[in-house]
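Some notes on the structure that comes next.
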Amino acid sequence: MQSRCSIKGIVKQLLSYRRELIFGNIIAILSALLVVTIPLFIPIIVDELLLKKDHGFITFISTHFFTSDTKGYVLFVLVVILVLRVLSTLLSILQTKIFVSISKNITYRLREAMLRHLKRVSLKEYEMMRVGAVTSKLVTDVETIDGFVSSTISKLIIAVLILIFSAVVLLWIHWQLALFILVTNPVVVLFTVKLSRNIGKLKKEENRAVELFQSALTETLELFHQIRAANKEEYFFEQSEAKARELKEHSVNYGYKSDAAVKFSYLVFLSGYEVFRGVSILAVAYSDLSVGLMLAIFSYLWVMVSPIQDIINFQYVLATAKVACKRINTVFDMEQEPVVVQKKNPFEGIETIGIEVKNLSFSYIQNKPILENINMHIEAGSKVAVVGASGSGKTTLSNILVGFYPLDEGEIFYGGVSNHELKLSTIRENIHLILQHPKLFNDTMLFNLTLGKTYSEEAVHKALQIAQLSEVIENLDSGLETLVGKDGIKLSGGQRQRVAIARMILSDPRVVIFDESTSALDVHTEARLFEALRDFLKKKTVMTIAHRLSTIKSAEYIYVLEDGHVVDCGTPQELLEKDESYFSQML
Ligand SMILES: Nc1ncnc2c1ncn2[C@@H]1O[C@H](COP(=O)(O)OP(=O)(O)OP(=O)(O)O)[C@@H](O)[C@H]1O
């Protein structure tokens, strides 16, 4: 599995398809041989039949096949040429099939590697990520690489082969003329290498413009509801239109300049071609080159046009691929969550666990601590609450407990095992954090509850019952099969929160953290919900973060946070006895 994008890496991957490449190339060689042989026939029969110059070809036909007059020989040669052309086309289709599947496999693997990297990207990176920018790299830049790979394997190799074969035939026909042609051709290629560098830069600008446009559009569409509520469609869509205009300008710039560069390079080649034709006529006049063979040289010059064009194009494709690789690597540069070697799983075979937080400090931005020296002792099976003013760090703490952010200092022990020795996936599998604003997929209600996992009908109904959702589902058009719309738009805030709670019930974690997870419910529904949850949560460690007293009334122990510090803790009774406690002020 590759980890970064580089031309060297792509070539290495190409070589891993050795067998297919060899087979494809054998077919390419056969096809090239046919293409190169065809132009020889007509000039030879012109020499032999019209100019009476003997190359031994007609003699060969009459000795091995049949004897005929001029018409018969011409017809025979025509049939042979047609058969060779059909064969060459069939071989080239087969060759394309082999090469296309190699190139698509390579680009698929690149996308797969990018997606795997993204899967483990740290939350800090994710929060700053512009979704449109990342998707543009996964789509546009990977497509640029696809163009490079397919043109390398399907065109470059065959182009080089045709040139080599043509060179051999030209050397055989007239070596001095052939040398002249073969020495001047690389000059054209060198010239194109220089031009291609600038084209690479233009491609970079174009792809960057695609990225900016895609980012602006994705964000506008994602926040469409809020944009409309703020009556700001004009402003936001104008931003996307401006980016679309910039993209158009860059695309025009790249489109015509890259085409001009290719055409200019081709013009240089064509000028050389005319010179070669002139020199060939001189060779007929001043050496022993026959008119028929001169025509053959003309044909070979034509045969060489397309491969040379492919080699010229390759310079541009290579330059754009290098740029695309650089942009793709910005995805691979995104920081990932740490990989932990897990020796012991404290959650295994146990109903719940206790959590010990020791001297925990954390900051989003260096030297701006959000949490400082936090110490907590949460007994297995206990029910604790965390209260504190807005911005005191409660959500940050709950996010750290489920491993969303790495700690700067301190340690967390889950059932006695340090966070340094536990995989983040193990923590999240067993500790379920229910957010205040749960995200729903634009899918069915059932999918939003199960997230693709299979549960029995009974388990789903039980979860719905506890989460106070049974009635809600009954009232939906298609029950559990109802589509909830973008971000669950068809549901109320409180219903969305209850879907998240039902999701938690189904996943049956060892520890549950409620972070303002019932804030949108009226106190009566909330009370019914917690009553129904009581049995389910009985043997689990539960942490509840809330501003409302009703939400934390069953807490056995309370931590009070203020500006990132635990300023108070104790049983509700102990805290109530202190007048100045934040908790007592909640009453
Ligand atoms: N992703 C983030 N990047 C940078 N700073 C953040 C981030 N999330 C929160 N903060 C900052 O951290 C501080 C604590 O925020 P946090 O959400 O943890 O507080 P809270 O106590 O849960 O607040 P509330 O009760 O309003 O939900 C705030 O000053 C906030 O601006």
Side-chain angles (χ1 to χ4, degrees), residues 118 120-131 133-134 219 222-223 226 334-338 355 357 359-376 378 384-410 412 419 424 427-428 431-439 493-494 496-497 500-501 504 511-521 523 526 542-553 555 557-569 575 581-587:
L118 283 173
R120 289 200 34 239
V121 83
S122 76
L123 205 65
K124 265 190 185 173
E125 283 278 6
Y126 169 77
E127 282 166 356
M128 300 314 287
M129 180 193 288
R130 303 202 72 178
V131 176
V134 174
E219 231 161 68
E222 268 173 6
L223 298 176
Q226 279 161 53
M334 286 181 170
E335 192 190 290
Q336 288 192 306
E337 288 195 321
I355 301 174
V357 178
N359 308 323
L360 181 156
S361 293
F362 173 80
S363 52
Y364 289 106
I365 303 160
Q366 251 184 358
N367 301 327
K368 282 198 173 172
I370 296 294
L371 294 173
E372 266 190 297
N373 204 22
I374 304 280
N375 285 289
M376 293 170 101
I378 304 168
V384 302
V386 179
V387 297
S390 181
S392 54
K394 303 180 298 293
T395 297
T396 306
L397 176 66
S398 61
N399 279 331
I400 290 176
L401 287 177
V402 289
F404 283 166
Y405 302 116
L407 344 179
D408 294 343
E409 278 171 42
I412 304 174
N419 61 305
L424 294 171
I427 298 177
R428 286 178 209 139
I431 304 184
H432 197 114
L433 169 64
I434 311 166
L435 304 167
Q436 183 177 7
H437 302 291
K439 298 283 174 209
R496 266 177 255 164
Q497 286 189 333
I501 289 172
M504 178 277 291
V511 178
V512 183
I513 304 178
F514 292 95
D515 184 359
E516 292 283 354
S517 331
T518 52
S519 60
L521 301 187
V523 279
E526 189 187 41
V542 178
M543 181 196 264
T544 310
I545 295 169
H547 287 291
R548 252 183 355 200
L549 187 66
S550 60
T551 317
I552 55 162
K553 68 174 187 229
Y557 202 82
I558 296 168
Y559 288 91
V560 181
L561 276 192
E562 198 180 300
D563 285 338
H565 296 88
V566 175
V567 290
D568 227 340
C569 61
L575 292 183
S581 160
Y582 180 90
F583 178 65
S584 47
Q585 285 162 25
M586 281 172 88
L587 292 174

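Counting convention: from 1, in listed order, for ligands and their atoms alike.
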- Message: Taking side-chain hydrogen bond (donor to acceptor under 3.5 Å, both in side chains) as the definition, give me every residue that meets it alongside His565, ordered by chain and number, with sequence neighbours left out.
- Response: Glu372
- Is there side-chain contact between Ile400 and Ile412, with at least one heavy-atom pair below 4.5 Å? yes
- Would you indicate whether the side-chain heavy atoms of Leu401 and Val357 approach each other to under 4.5 Å? yes
- Query: Starting from atom 16 (P) of ligand 1, which protein heavy atom do you reach first, and at what distance in Å?
  - Reply: Thr396 OG1, 3.6 Å
- Give a yes/no verdict on whether any heavy atom in Lys124 is under 4.0 Å from an atom of ligand 1. no
- Task: Run the contact test for Gly388 against ligand 1 with a 4.0 Å cut-off on heavy atoms, strictly below, and give the result.
- Result: no
- Ala389 near ligand 1 by a heavy-atom separation under 4.0 Å: yes
- Please confirm whether the backbone N or O of Ser519 pairs with a side-chain atom of Gln497, one donor and one acceptor, at under 3.5 Å? yes
- Task: Using a 4.0 Å heavy-atom cut-off, say whether Glu516 meets ligand 1 through its side chain, its backbone, both or neither.
- Result: neither
- Note on the structure: Counting from 1 in the order shown, the ligand 1 atoms closer than 4.0 Å to a non-hydrogen atom of His547 are 25 (O)
- Note on the structure: min-distance protein heavy atom vs atom 5 (N) of ligand 1 -> Tyr364 CD1, 3.2 Å
- Query: If we only count N/O pairs under 3.5 Å, is Ile370 in contact with ligand 1?
  - Reply: no
- Message: In the structure I gave you, are the side-chain heavy atoms of Val566 and Leu561 within less than 4.5 Å of one another anywhere?
- Response: yes
- Task: For atom 1 (N) of ligand 1, grab the closest protein heavy atom and report residue, atom and distance to one decimal in Å.
- Result: Glu127 OE1, 3.0 Å
- Give the residue, atom name and distance (to 0.1 Å) of the protein heavy atom nearest atom 27 (O) of ligand 1. Thr395 OG1, 3.8 Å
- Non-hydrogen side-chain atoms of Leu407 and Phe362 separated by less than 4.5 Å: no
- atom 26 (O) of ligand 1: the protein heavy-atom neighbour that sits closest, reported with distance to 0.1 Å: Ser390 OG, 2.6 Å
- Message: For the backbone of His437 and the side chain of Arg496, can you confirm whether one donor and one acceptor N or O come within less than 3.5 Å of each other?
- Response: no
- Before signing off on this row, confirm whether Ser392 and ligand 1 have an N or O atom pair separated by under 3.5 Å. yes
- Heavy-atom check, side chain of Tyr126 versus side chain of Met334, under 4.5 Å: no
- Is the closest protein non-hydrogen atom to atom 31 (O) of ligand 1 under 4.0 Å? no
- Task: Could you tell me whether the side chain of Thr396 reaches within less than 4.5 Å of the side chain of Tyr364, counting heavy atoms only?
- Result: yes
- Query: Tell me, which protein residue and heavy-atom name are nearest atom 29 (O) of ligand 1, and how many Å apart are they?
  - Reply: Gly391 O, 4.2 Å
